[in-house]
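What follows is a set of notes on a single structure, which appears directly below.
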Amino acid sequence: MIDIKRIRAEPDLVKAGCAKKRIECDIDRILELDATFLGLSPKIDELRSQQKLGSKEMSKATPERRVEILEEQRGLKEQLRALEAEMTACQEQLQPLLLTVPNLPAEAVPEGVDDQDNVELKKWGTPRSFDFAPRDHVEIGEAQGWLDAETAGRIAGSRNYISMGELARLEHAVLRFALDMMIDRGFSPAIVPVLVRAEPLWGTGYFPGGGDQIYHTDDRDDLYLVGTAEVPLTSIHAEKIHDIKNLPIKLVAHSTCYRREAGTYGKDTRGLYRVHQFQKVEQVVIDISDEKRSLEHHHMILQNAEDLLQAFDLPYRVVNVCGGDLGAPQVQKFDVETWMPSRDGYGETHSASRFHEYQARRLKMRYRDKEGKVHFCHTLNNTVAASSRILIALLENHQLEDGRVAIPEPLRKHMGGLEVIGKSL
RNA sequence: GGAGAGGUGGCAGAGCGGCUUAAUGCGCCAGAUUGCUAAUCUGGUGACCCCUUCGGGGGUCCGGGGGUUCAAAUCCCCCCUUCUCCGCCA
């Protein structure tokens, strides 16, 4: 959510932001409703003021005077009822519209329609050239008995995986490495609910708009399975006015993540790339409302992801996500794409977002500055490691000719010292 | 799942239809006093919206939403949530 005052003051800027993001939003209708609201507000306040005065006099008045006041009060009540009804009607139209206004993209966000137009910022590592015919992760996994798509499908439907044996151990190792790394860097760990109410999803900007991708329980419970720990993790600090001394807040959590992947039929159907359930370690930063600080945090959380990939010796690139590929809530987003030999290209493994006040405003997450003034916080988040996609990269990039897989040195301590997993095929 | 008790400002906690402009205490801020710190005394101390001649004025907010009333923190209904006991349970 952006500030209605900003829409009033700079409607053209807001419209330009919508256009850059390729998001349709009726700003003029919002301004029209807002004007109605601004017209009604002083009238209602004035009537209420009179009503309060009358009510106060009533308590001390003589019986005769009471009759008169009662008459006046009845009149006021009727006028108020009518105006309040108008106000409610106005708000009922305005509020849902305001929730659809996207956050304004940063200047540095490239123009563009979709991910084809994302701009590469940097590349790290060199994709390996194999002197044998490399297998993809599904071939390796099935041959080693680590993956069984058919069984996963029988148990849970398509787009599911079961990692078994040494692969499961590797998955745990990756998550553990990611968590430990972030704790070392000053992030506070949490274990959070993955089944949540609607409010945190509205608050973090997944509603409205993202509902199609989210599993929803039946109405006995009316809860949602989160697609990322970002949702509960960021919401921990909602509806509070924080002491500036406690900022920034840096959080890290592992969670299972659920995605319906509606509308992706036929796309990435093979293997671990696009699945309904995976494991992820996520980092969240909450700090003061300061563009420069936010940008510094953005680079910091991006660096955390890069450091993890470098530790795993996985080639990657960083892209600056273009306007059309940006979600409504983000000011800017850097995607990290890791080299996946089977795709003969880079596949998204991390997504570092900066939101400014957008989430905080919805979550009513504020802080008091040194002068005692209250402001909305800035929030950011990024993946540290998303298990299924990083497993693709690890298996495919570090495979040996005989079908075994080398374990990067930093992961070995979580693998009981194993340097290589699998059997010779 | 059953029974009961609660949810009031940063925190604790009173109020249970109009003397509430939400008492009081703690905390916090400022001033006074005092070698320093501490203590003591005095004063101040919220969020949000609208208007403003920038001095200020008006309104909303007592878990959330409805309702009753001239008037609701206070009465009624629904929901959320916390605690205690019982049941079930990793």
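Naming: A, B, ... by sequence-line order, numbering from 1 per chain. None of these values were measured; they are calculated from a predicted model.
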Secondary structure of RNA chain B in dot-bracket form (Watson-Crick or G-U wobble, distances below 3.5 Å, | marking inter-strand pairs): ((((((((.[[[..)..(.....]]]((((((.......))))))((((((....)))))).[[[[[..)....]]]]])))))))....

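Closest-nucleotide positions on RNA chain B for A:Arg81 and A:Ile4 were compared, and the one nearer the 5' end corresponds to A:Ile4. Summary of the strand contacts: A:Ile44 and A:Asp34 both lie near RNA chain B, and taking for each the nucleotide with the nearest heavy atom, the more 5' one is attributed to A:Asp34.
Among B:C70, B:C50, B:G10, the nucleotide with an atom closest to any side-chain atom of A:Arg368 is B:G10. Out of B:A47, B:C51, B:G59, the shortest distance to the side chain of A:Ser49 is found at B:G59. Comparing B:C49, B:G46, B:C70 by their nearest atom to the side chain of A:Lys5 picks out B:C49. Side-chain proximity of A:Lys52 to B:A71, B:U60, B:C51: nearest is B:U60. Listed nucleotides B:U60, B:C70, B:G46 differ in distance to A:Gln73; the shortest reach to its side chain belongs to B:C70. Residue A:Asp45 places its side chain closer to B:G59 than to any other of B:C70, B:C50, B:G59. Of the candidate nucleotides B:G18, B:C50, B:C70, B:C70 has the atom lying nearest to any side-chain atom of A:Gln51.
With rounding to whole Å, A:Lys240 atom NZ is found 19 Å from B:A47 atom P. Whole-Å rounding puts the A:His242 NE2 to B:A47 P distance at 16 Å. Taking atom CG of residue A:Asp369 and atom P of nucleotide B:C29, one finds them 15 Å apart after rounding to whole Å. Atom CD in A:Glu239 sits about 13 Å away from atom P in B:G9, given to the nearest Å. Rounded to whole angstrom, the span from the CZ atom of A:Phe376 across to the P atom of B:A47 amounts to 12 Å. Regarding A:Asp3, its CG atom lies at a distance of 14 Å from the C1' atom of B:C50, rounded to whole Å. Regarding A:Glu84, its CD atom lies at a distance of 10 Å from the P atom of B:G67, rounded to whole Å. One atom, CZ of A:Arg48, and another, P of B:U21, lie 16 Å apart when rounded to the nearest Å.
With a 6.0 Å radius and a threshold of 12 heavy atoms from other residues, nucleotides or ligands, A:Arg185 has its CZ atom above the threshold.
Within 4.0 Å (heavy atoms only), A:Arg8 reaches sugar-phosphate atoms of the nucleic acid but no base atom. A:Leu76 comes within 4.0 angstrom of nothing in the nucleic acid, heavy atoms only.
Syn is the conformation of B:G55, whose glycosidic angle sits no further than 90° from 0.
At a threshold of 4.0 Å, the pair A:Glu199-A:Arg362 does not count as salt-bridged, since none of the basic side-chain nitrogens sits closer than that to a carboxylate oxygen. We find that A:Glu261 and A:Arg274 are joined by a salt bridge, their nearest charged nitrogen and carboxylate oxygen being less than 4.0 Å apart.
Nucleotides B:G18 and B:A72 place their P atoms 11 Å apart, quoted to the nearest Å. Across B:C48 and B:G10, the matching P atoms stand 11 Å from one another, rounded to whole Å. On the C1' atoms, B:G13 is 27 Å away from B:A71, given to the nearest whole Å. The gap from the P atom of B:A14 to that of B:G7 amounts to 8 Å, rounded to the nearest Å. Nucleotides B:A3 and B:G59 are separated by 43 Å at their C1' atoms, to the nearest Å. Comparing B:G58 with B:G6, their P atoms sit 37 Å apart, to the nearest whole Å. Between the C1' atoms of B:C61 and B:U20, the separation comes to 15 Å (whole Å). Comparing the C1' positions of B:C62 and B:C75 gives an interatomic distance of 16 Å, to the nearest angstrom.
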Worked check of salt bridge (charged side-chain N to carboxylate O under 4.0 Å, His left out) between A:Arg260 and A:Asp212: CA-CA 7 Å; A:Arg260 291 189 63 236; A:Asp212 276 1; 5.1 Å; no

Verdict with reasoning, A:Asp34 to A:Arg8, per salt bridge (charged side-chain N to carboxylate O under 4.0 Å, His left out): CA-CA 8 Å; A:Asp34 183 52; A:Arg8 275 176 208 153; 2.6 Å; yes

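By the 30° and 60° cut-offs, the orientation of the rings of A:Tyr215 relative to A:Tyr258 is perpendicular. Using a 30° and 60° split on the angle between ring planes, A:Phe312 and A:Phe177 fall in the tilted class, from 30° to 60°.
One distance of note links CG of A:Asn320 with NZ of A:Lys333; it measures 11.5 Å at 0.5 Å rounding.
Between A:Arg74 and the phosphate of B:C70, there is a side-chain N or O to OP1/OP2 separation shorter than 4.0 Å. Note on A:Lys77: a side-chain N or O is less than 4.0 Å away from OP1 or OP2 of B:A71.
Checked by atom type and distance alone, the side chain of A:His297 never pairs as donor or acceptor with a backbone atom of A:His378 at under 3.5 Å.
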